[in-house]
Amino acid sequence: MDNFTFWSPTLFEFGKGSEEKTGELIRLFGGSKVLVHFGGGSVKRNGVLARVEDSLCKAGLPFVELGGVKPNPRSGLVYEGIALCRKENVDFILAVGGGSVIDSAKAIAIGVPYTGDFWDFYSGKAAVKSSLPIGTVLTIAAAGSEGSAGSVITQEETNLKRAAGNECMRPKFSVLNPAFTCTLPAYQTACGITDIMAHVCERYFTNTRHVETTDRLCEAVLKAVIEEAPKVLANPNDYEARANILWAGTIAHNDLCGVGRTQDWNSHDIEHELSGLYDVAHGAGLSVIMPAWMQHVYQHDIPRFAQFAVRVWGCDMHFDDPEATAKEGIARFRAFLTAIGMPATFSDIGAKAEDIPILVKNLGVTEEKPRAGFMQLAPHDVEAIYRLAL
Ligand code: NZQ
Ligand code: ZN
């Protein structure tokens with residue numbers, strides 16, 4: 001196991017009625033004027049926004065609203081949010097929604113104290129040094145941004161989707177009421193489930209040895225999700241199954257499962273090019289890319305893929321042919337994604353084979369500078385992964 005620092009200080013308020021504490025929590029973390037940031041309207045339709053704002057009023061907190069965050073959040077609204085916060089002297093940002101809203105809130109939060117263009121943090125031109133505090137009220141189990149130190153934004157002019165991260169961007173608190181996720185459509189629920197599984201897989205496929213504790217944590221999260229997913233899809237109002245998936249989504253990405261080991265993240269970056277260019281849901285893009293990545297790299301460490309097959313998917317171990325076991329695990333993962341209604345190919349998500357050179361180029365990988373990870377990826381590897389997804 002590698003040395004590590006684990007500092008994940010987000011306060012999680014979990015359960016029915018937890019949103020009633022929102023105002024109190026903002027006060028606890030020093031907020032006195034709030035930007036309430038939200039998406040395209042689901043939180044208005046299902047009453048979540050009204051309940052949260054009621055809590056702010058009870059805590060005597062003045063606030064301004066900025067809605068309209070789109071899935072795969074864009075830079076344009078971030079600029080608007082930064083200007084609004086400065087004008088209104090906002091000192092705390094509250095995201096009410098999913099990963100897109102939270103990521104947009106994080107971008108605004110780091111943009112307000114910065115004198116340059118906030119995109120500098122996403123283009124790699126500048127490192128994040130400070131942020132306004134943020135809190136979240138989560139409405140979808142998926143991205144894990146409610147407990148993560150990262151944010152992903154798409155630049156409007158270029159369609160480049162890029163990440164920025166720093167410990168100061170981790171939410172001070174996150175309110176997780178599983179009942180809020182019951183209004184999610186089945187497709188969006190399944191996209192979230194796929195993303196959660198991908199966050200675990202990005203950590204599970206490692207070159208670090210002797211990481212049994214985190215291996216077992218990863219396997220537990222995956223097995224719980226595999227068990228609970230059919231229940232929420234069959235009955236969207238199954239509170240207990242929603243609760244299990246919601247917590248799985250958070251611990252899949254606050255790095256509890258990833259400390260002390262090298263991590264991969266190539267599937268994510270390869271996917272971000274797809275959701276940047278075609279504006280598909282991140283989870284749907286991952287459903288297409290992650291099994292293709294597995295197919296391309298499994299020979300790098302057949303025993304690890306065989307372990308994944310046996311421990312996560314319950315495959316029999318073929319001791320005389322571990323490769324067959326490894327392949328069976330990948331096949332079961334694919335079959336699971338299909339069973340929950342996720343896409344499998346480029347054409348399922350409207351992506352085009354002729355765009356593959358653009359996708360590879362946008363990723364910025366070169367022969368001289370291959371991508372690090374579980375297995376190093378040169379441009380021809382990335383191209384092969386996209387082609388395996390056709
Ligand atoms: O915009 P509204 O109307 O709210 O509708 C949203 C949106 O259309 C809807 N929705 C959310 N909660 C709902 C609901 N509809 C009904 N009832 C509810 N309770 O769901 C749609 C998708 O929302 P979005 O926030 O985009 O989903 P998700 O949480 O999957 O976030 C995806 C974004 O997170 C990024 C992705 O790249 C993508 O841009 N990621 C962020 C990460 C991070 N910051 O740590 C890590 C992830 O790997 C990921 O890259
Ligand atoms: Zn993800």
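Scope of the values below: all heavy atoms of this structure, side chains included, with no hydrogens, waters or symmetry mates. Note that ligands are numbered from 1 as they come in the structure, with each ligand's atoms numbered from 1 the same way.
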- Item | Side-chain ion pair, E227 and K223, N-O less than 4.0 Å | no
- Query: Are the charged groups of R242 and D238 less than 4.0 angstrom apart, N to O?
  - Reply: no
- Query: Would a hydrophobic clustering, with Ile, Leu, Val, Met, Phe, Trp and Tyr connected at side-chain separations under 4.5 Å, put I102 with L35?
  - Reply: yes
- Task: Taking only heavy atoms of K161 into account, list the atoms of ligand 1 that are under 4.0 Å away from them.
- Result: 36 (C), 37 (O), 38 (C), 39 (O)
- atom 10 (N) of ligand 1: which of V69, I140, L184 has the nearest heavy atom? L184
- Message: Any nitrogen or oxygen of G40, side chain or backbone, less than 3.5 Å from one on ligand 1?
- Response: yes
- Can an N, O or S atom be found in D195 less than 2.8 Å away from the Zn ion (ligand 2)? yes
- Query: Is there a nitrogen or oxygen of F180 sitting under 3.5 Å from a nitrogen or oxygen of ligand 1?
  - Reply: yes
- Heavy atom of the protein closest to atom 30 (O) of ligand 1 (residue, atom name, distance): A142 CB, 3.4 Å
- Message: Among all protein heavy atoms in this structure, tell me which lies nearest to atom 22 (C) of ligand 1, with the distance rounded to 0.1 Å.
- Response: Q188 NE2, 3.4 Å
- Calculate the angle formed at the Zn ion (ligand 2) by NE2 in H268 and NE2 in H282; 10° precision is enough. 100°
- Message: Can you classify the ring geometry of F374 versus W293 as parallel (below 30°), tilted (30 to 60°) or perpendicular (above 60°)?
- Response: tilted
- Query: Which one of A198, G97, G67, G99 has a non-hydrogen atom at the shortest distance from atom 28 (P) of ligand 1?
  - Reply: G99
- Note on the structure: ligand 1 to T183, heavy atom cutoff 4.0 Å, flagged ligand atoms 16 (C), 17 (N), 18 (C), 19 (N)
- Task: Go through ligand 1 atom by atom and flag the ones less than 4.0 Å from a non-hydrogen atom of P73.
- Result: 39 (O)
- Closest approach of any protein heavy atom to atom 12 (N) of ligand 1, naming residue and atom: T139 OG1, 2.8 Å
- Query: With only distance considered, is K106 within less than 3.5 Å of ligand 1 through an N or O on each side?
  - Reply: no
- Among all protein non-hydrogen atoms, which one is nearest to atom 34 (O) of ligand 1, and what is the separation to 0.1 Å? A143 CB, 3.6 Å
- Judged by non-hydrogen atoms, does G41 sit under 4.0 Å from ligand 1? yes
- Message: Do F38 and K44 have side chains that approach each other closer than 4.5 Å (heavy atoms only, starting at C-beta)?
- Response: yes
- Item | Pair D321 + K327: basic N to acidic O under 4.0 Å | no
- Note on the structure: So the atoms of ligand 1 within less than 4.0 Å of a heavy atom of P71 turn out to be 7 (C), 8 (O), 26 (O)
- Message: Classify the ring geometry of Y122 against F118: parallel below 30°, tilted from 30° to 60°, perpendicular beyond 60°.
- Response: perpendicular
- Query: Checking R332 against F308: charged group under 6.0 Å from the ring centre and within 45 degrees of the axis?
  - Reply: no
- Query: Has A141 got any heavy atom lying under 4.0 angstrom from an atom of ligand 1?
  - Reply: no
- Query: Among all protein non-hydrogen atoms, which one is nearest to atom 33 (C) of ligand 1, and what is the separation to 0.1 Å?
  - Reply: S100 OG, 3.5 Å
- Item | Nearest non-hydrogen partners of F336 and I193, listed with the distance | CE2-CG2, 4.3 Å
- Message: Within the 4.0 Å heavy-atom shell around S148, which atoms of ligand 1 are there?
- Response: 43 (C), 44 (N), 45 (O)
- Task: Using a cut-off of strictly less than 2.8 Å, determine whether H199 has an N/O/S atom near the Zn ion (ligand 2).
- Result: yes
- Message: Considering both backbone and side-chain atoms of S42, is one of its nitrogen or oxygen atoms within less than 3.5 Å of a nitrogen or oxygen in ligand 1?
- Response: yes
- Note on the structure: For G39, the atoms of ligand 1 under 4.0 Å from one of its heavy atoms are 1 (O)
- Query: With respect to V175, which candidate in L138, T136, L25 satisfies the side-chain contact (heavy atoms from CB on, under 4.5 Å) definition?
  - Reply: L25
- Query: Measuring from the heavy atoms of G150, does anything fall under 4.0 Å of ligand 1?
  - Reply: yes
- For H272, the ligand 1 atoms with a heavy-atom partner under 4.0 Å come out as 37 (O), 50 (O)
- Check if K70 has a non-hydrogen atom at a distance under 4.0 Å from any atom of ligand 1. no
- Task: Pull out every atom of ligand 1 sitting under 4.0 Å from any heavy atom of N72, numbered as shown with elements.
- Result: 38 (C), 39 (O)
- Task: Identify the residue among D269, N362, D279, N72 that makes a side chain to side chain donor-acceptor pair (under 3.5 Å) with K161.
- Result: N72
- Cationic N near anionic O, under 4.0 Å, R209 to D301: yes
- Message: When you measure from the side chain of R334 to the backbone of I330, do you find a donor-acceptor pair of N or O atoms at a distance under 3.5 Å?
- Response: no
- Are D103 and ligand 1 in contact, using a heavy-atom cut-off of under 4.0 Å? yes
- Query: Relative to each other, are the rings of F14 and W247 parallel, tilted or perpendicular (30° and 60° limits)?
  - Reply: perpendicular
- Note on the structure: The residue among D2, D215, T208 that forms side chain to side chain donor-acceptor pair (under 3.5 Å) with R261 is D215
- Considering only heavy atoms, which of E271, R45, H199 lies nearest to atom 48 (O) of ligand 1? H199
- Item | Sidechain N-carboxylate O distance under 4.0 Å for E167, R170 | yes
